[in-house]
Number of protein chains: 2
Amino acid sequence: VRAELLAVGDELLVGDIVNGNAAWLGQQLTTRGIEVVASTVVGDDVDRIAAAVRAAFDRAGTVVVTGGIGPTQDDLTRAALARAAGVELRRDADLEAGLRARFTALRRDVPEMNYRQADMPEGATPIPNVRGTAPGVRFELLGGVAYALPGVPHEMQQMFTDHVLPDVVERAGDPAVTVTRVIRTAGMWESAVADSLSEQVSRCQAEGRVRVAFLASGGQTRVKLSCSAPTRAEALEILSTEEEQARAALGVGVYGSEDDTLEQVVLALLRDRGETVGVAESLTGGLLGATLSAPEGASSTFRGGIVSYATEMKAALLGVPEDVLERHGAVSGETAEAMAAGVRDRLDATYGLALTGVAGPGEQEGKPVGTVHVGLAGPDVVLSRALRLPGDRALVRTYACVSAMNVLRLHLLDALPAS
Amino acid sequence: VRAELLAVGDELLVGDIVNGNAAWLGQQLTTRGIEVVASTVVGDDVDRIAAAVRAAFDRAGTVVVTGGIGPTQDDLTRAALARAAGVELRRDADLEAGLRARFTALRRDVPEMNYRQADMPEGATPIPNVRGTAPGVRFELLGGVAYALPGVPHEMQQMFTDHVLPDVVERAGDPAVTVTRVIRTAGMWESAVADSLSEQVSRCQAEGRVRVAFLASGGQTRVKLSCSAPTRAEALEILSTEEEQARAALGVGVYGSEDDTLEQVVLALLRDRGETVGVAESLTGGLLGATLSAPEGASSTFRGGIVSYATEMKAALLGVPEDVLERHGAVSGETAEAMAAGVRDRLDATYGLALTGVAGPGEQEGKPVGTVHVGLAGPDVVLSRALRLPGDRALVRTYACVSAMNVLRLHLLDALPAS
C-alpha cells in the first residue's frame with residue numbers, strides 16, 4: 001500500500017516556507033502502515049501540477065495533494081486534477097450555496113472569485129473543511145485516489161484526520177502495521193550511540209524485521225526502532241525485545257522515550273524527590289533557564305536563575321570570589337562551582353546548576369570556542385565538569401544546556417562519571 | 001535556467017525530519033535567478049533514486065541532490081547517480097588517501113565501510129567537504145549536471161556556497177535576475193501588516209512586476225518583495241520604489257531588512273548610544289536573555305539578567321516591594337515596573353527590561369493565559385505596557401520576548417505609543 005505526497009506552491013520552491021506538511025503526513029501515513037514512496041513539491045503551474053499528479057500515480061495508488069485549493073488565480077490544484085484525468089471542472093451548486101451562507105454569516109462581502117472554491121473536477125466529491133472556507137477534493141483517477149487539501153497546516157491536519165486517513169486505511173484493507181519506538185539519549189554523540197548498537201544494527205539489517213535509525217539534533221541523539229508486522233501485537237512484541245537490548249547497551253545514556261524531553265525528565269526527577277533547581281548562566285545568557293521553564297508545571301521545581309553575562313556580575317550577583325576569577329578566570333571549573341554554589345544559596349534551591357564558557361565567535365581568556373564548564377552545587381556536593389563542545393555559537397550554547405541538564409540528571413541517578 | 005532539488009532519505013519520507021535543505025537551496029538558487037521547478041524526496045532505494053534523477057533531468061539542467069553520500073550501506077546516492085548514467089562506481093585513490101589521513105589525524109580507527117565515501121561514478125569529480133568527511137559529487141549526465149551534497153545542513157550549505165552555486169551561475173550565463181527585498185516588522189500582526197499594504201499589493205498584482213508575500217513567524221511579520229528583470233539594476237530600481245512605499249505605510253513597525261534580527265537591531269541602537277540593558281524575567285524563564293545574548297558581540301551591551309520564576313524571588317532578587325506584589329499581584333504593570341527598576345539597579349545597566357505574565361497552561365491570579373506586562377526602566381523613565389497575547393505556552397513566551405524588545409526599541413526611537 002503506497003502513497004505519494006504532492007505539495008503545490010511557489011512559496012515552497014523559493015524557500016519562503018518549509019514543507020512541514022510533508023513531514024506530518026509522512027508520520028501519519030507511515031504509522032498506519034502506508035508506505036510513502038516519494039514527496040514532491042511543484043509550483044503554481046497547472047501543467048506541472050497535472051504532470052506531477054500523473055507521475056505520482058505511476059508509483060502509488062494514493063496521492064495526497066496539499067495547497068493550491070484556495071480562491072485566487074494562483075490556486076490551480078482543482079484545475080490540474082481535472083486536466084490529469086482529462087475531465088472538466090464543474091461548479092458544485094451545493095458547495096457554492098454553502099460558501100455564500102458562510103460568507104454571509106461572517107458578514108463578509110467577498111469577490112466573486114472566492115466561489116472558484118466550489119469548482120470540482122467531474123466525478124470528484126468535496127471533503128468538508130470545518131476550519132476554513134476551501135473544501136477539499138476526493139477524486140478517483142488514473143486507477144487510484146487523489147485527496148486535495150489546503151496548505152494551511154491546521155485546516156489540512158483536521159481534514160486529513162477526519163476524512164482522508166480513515167478512507168485510505170479502509171481502501172488499504174488490512175495493511176501491515178508499522179510500530180515505532182523512540183529511545184532518547186543525552187551525553188552521547190551520534191557516533192557513540194551507533195558504536196554501542198553496531199552489532200544489534202547489523203543483526204537487524206540481516207534479519208530485515210526491524211529498522212534502526214539514528215537521529216541527532218540539538219546535542220541529543222534519538223534511536224528510532226521501526227517494525228512492520230501483520231498485527232500491532234506482533235510488531236510490539238518484536239520491538240520490545242529490540243528496545244530492551246538497545247537500552248541495555250546504551251545504559252544511563254538513555255533518558256527517556258518517545259516525546260520525552262530532557263528538561264521534563266530532569267524536572268520530574270527533582271519533583272519526585274521534592275527538590276528544586278536554580279541556574280547561573282554566562283555564555284548561554286538565559287537559555288538554560290528558558291529550557292528548564294519550557295515544560296508545563298515547571299514552577300513547582302524551577303526556582304529561577306541569574307544570568308551573569310558581564311564578568312563582573314559573577315562577583316556582584318553570584319558572589320564568585322574575586323580571587324577565583326583572577327586566578328582561574330571566568331571560564332574555569334572553579335568559577336562554575338562558585339556560580340553554582342552562589343545561585344543555590346541566593347535562590348534557596350536544592351541544586352544550583354551553572355554554565356560558563358566560550359560560545360564564540362572569538363576565544364576568551366585564551367580559551368578556545370567550545371570550552372565550557374558545568375558547575376553543580378547540592379546538599380552535599382560541589383563539582384564541575386569540563387567540556388569541549390563543537391559547532392558555532394548557537395550550537396555551543398545549545399550543547400552546553402543539554403550537557404548541564406545531563407550532569408544534573410546523572411548526579412540525581414548517582415551515575416555521574418568521576419572524570 | 002532551471003534546477004531541481006532531490007533529497008534522499010527514509011527519515012524525510014516518514015517525517016522524522018523536515019526537509020529544511022530544500023527551503024534553503026530554493027532561496028539560494030532563486031535569488032540568483034535560477035528557477036527551481038520541482039523538489040522531490042525519495043527514500044534510500046537505489047532504483048527509486050536513479051529514477052528520480054532521470055525524471056529531474058527531463059525538466060531541468062541542474063539537479064542538486066542532498067543526502068545519501070555518507071559511509072553506511074543506506075547511503076546510495078553515489079550508486080544511483082552511476083546507475084542513472086549507466087556507468088560504474090570507481091574508488092578514487094586520492095580521496096581514499098585523504099580520508100585515511102583525516103581519520104588518522106582524528107585518531108579514529110574507522111570501519112572499512114567508511115571508505116565507500118571515496119567511490120565516485122566514472123567521470124564524476126569530488127566536491128571538497130571541509131566540515132565533514134563525505135566528499136560531494138559533481139557529475140555531468142543526461143545533458144546536465146548533478147551535484148550531490150551531504151544531508152547535514154551546515155556541511156551542505158558550505159559546499160553549496162563555495163563550490164556549487166558559483167558553478168551553476170557560471171553555467172547559466174546571464175539569466176533573468178530575481179531580486180528580493182525583505183522588510184522586517186515587529187509589534188504588528190500579519191493582518192495589520194497586510195491591511196497597511198492592501199492597496200499596494202492590489203496594484204502590484206495588477207501590474208504583475210513585483211510579488212508581495214507576507215511571512216509570519218515567531219511573533220514577527222516579514223514582507224517579501226520579489227522582482228524579476230533582465231538585469232539586476234532594473235530589478236533593484238523597481239524594487240526600491242516599492243520598498244520605499246511599503247516602509248512609509250508600515251512606519252515604525254519596520255525594524256530592519258533582510259537577515260536582521262530584532263535583537264541585533266535593539267543591541268545596535270544601544271551600542272550606538274553607549275548604553276546597556278539587563279533583563280528581569282518571570283514567565284519566559286530566561287528566554288529574553290537568551291535571545292538578547294544570541295548575536296555575536298552581545299557582551300558589549302547585554303549585561304545579564306535575573307530570572308525570578310518563583311514569585312518570592314521577585315522580592316528577594318529584584319527588590320519588588322512586598323506590598324506591590326500583594327496589592328497588584330505578580331502579574332501586573334506595577335510589578336513589571338518594579339522588576340525593571342530592580343534589575344537596572346542590580347546589573348548597573350542603562351535600561352532594565354522586564355517581563356511578567358501568564359504563559360499557561362492555566363490562569364494565574366485569576367488572569368488568563370496570554371496576559372503579559374512589559375516593564376522598562378531607564379535614566380528618566382519607568383513604564384509598563386499590558387499585552388494580551390494569543391497562542392499556547394511556547395508562543396506566548398516567544399511573543400512576550402518580541403514584545404519586550406520592541407518596547408525598548410520604540411522607546412529608544414522616541415516612538416513608543418502612549419497607550
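Letters A, B, ... are given to chains in the order of the sequence lines, protein chains preceding strands, and every chain is numbered from 1.
Here Asp16(A) is the residue among Leu6(A), Leu287(A), Asp16(A) with the most heavy-atom pairs under 4.5 Å with chain B. Taking Arg222(B), Glu11(B), Glu35(B) one by one and counting their heavy-atom pairs under 4.5 Å with chain A, the maximum is reached by Glu35(B). The most heavy-atom pairs under 4.5 Å with chain B, out of Val42(A), Leu215(A), Thr311(A), Asn19(A), come from Leu215(A). Options Ala38(B), Ala298(B), Gly26(B), Gly305(B) differ in how many heavy-atom pairs under 4.5 Å they form with chain A, and the most are formed by Gly305(B). In terms of heavy-atom pairs under 4.5 angstrom with chain B, the leader among Ser39(A), Ala23(A), Ala310(A), Ser308(A) is Ser39(A). Your options are Arg59(B), Gln73(B), Lys224(B), and the one with the most heavy-atom pairs under 4.5 Å with chain A is Lys224(B). Of the listed residues (Gly304(A), Ser293(A), Gly15(A)), the greatest number of heavy-atom pairs within a distance under 4.5 Å of chain B belongs to Ser293(A). Most heavy-atom pairs under 4.5 Å with chain B, from the set Pro361(A), Gly43(A), Ser191(A): that is Pro361(A). Most heavy-atom pairs under 4.5 Å with chain B, from the set Thr284(A), Asp392(A), Leu347(A), Ile306(A): that is Leu347(A). Ranked by heavy-atom pairs under 4.5 Å with chain A, the list Thr40(B), Leu288(B), Val279(B), Val182(B) is led by Thr40(B).
Residue Gln28(B) does not touch chain A at all, counting heavy-atom pairs closer than 4.5 Å. Proximity to chain A is absent for every atom of Gln205(B), based on heavy atoms less than 4.5 angstrom apart. Proximity to chain B (any heavy atom under 4.5 Å) is shown, for Ala55(A), by neither the backbone nor the side chain. Contacts between Ala394(B) and chain A at a heavy-atom distance below 4.5 Å are absent for every atom of the residue. The contact between Asp10(B) and chain A is made by backbone and side chain atoms together, counting heavy-atom distances below 4.5 Å. Residue Leu317(B) touches chain A through its side chain alone, counting heavy-atom pairs closer than 4.5 Å. Looking at Thr30(B), the atoms closer than 4.5 Å to chain A (heavy atoms on both sides) all sit in the side chain, from C-beta outward. Contacts between Ala316(A) and chain B at a heavy-atom distance below 4.5 Å are absent for every atom of the residue. Within the 4.5 angstrom heavy-atom criterion, only side-chain atoms of Arg211(B), from C-beta onward, approach chain A. Only the backbone of Pro295(B) comes within less than 4.5 Å of a heavy atom of chain A; no side-chain atom from C-beta onward does.
Counting only distance, with no hydrogens or angles, the side chain of Thr356(B) and the backbone of Ala330(B) share a donor-acceptor pair below 3.5 Å. In this structure, Asn21(B) contributes its side chain and Ala7(B) its backbone to no donor-acceptor pair below 3.5 Å.
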Report the C-alpha separation of Ser198(A) and Asp195(A) in whole Å, then their side-chain angles, then the decisive distance to 0.1 Å, and conclude whether the side chain to side chain donor-acceptor pair (under 3.5 Å) test is met.
-> CA-CA 5 Å; Ser198(A) 60; Asp195(A) 279 354; 5.7 Å; no

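Between Val201(B) and Phe214(B) there is a side-chain heavy-atom pair separated by less than 4.5 Å. Looking only at side-chain heavy atoms (C-beta outward), Gln27(A) and Leu25(A) stay at 4.5 Å or farther from each other.
With salt bridges taken as basic N to acidic carboxylate O contacts below 4.0 Å, none links Glu281(A) and Arg397(A). A salt bridge is absent between Glu296(B) and Arg393(A): the closest approach of a Lys/Arg side-chain nitrogen to an acidic carboxylate oxygen does not fall below 4.0 angstrom. Salt bridge annotation for Glu258(A)-Arg181(A): present, with a cationic side-chain nitrogen under 4.0 angstrom from a carboxylate oxygen. Look at Arg48(B) and Glu4(A) and you find no salt bridge, because none of the NZ, NE, NH1 or NH2 atoms lies under 4.0 Å from a carboxylate O. In this structure, Glu312(A) pairs ionically with Arg303(B), as a charged nitrogen and a carboxylate oxygen lie closer than 4.0 Å.
For the residue pair Ser228(A)/Thr178(A), the side-chain donor-acceptor check at 3.5 Å is satisfied.
The number of heavy-atom neighbours closer than 6.0 Å to CD of Glu199(A), taken from other residues, nucleotides and ligands shown, is 12 or below.
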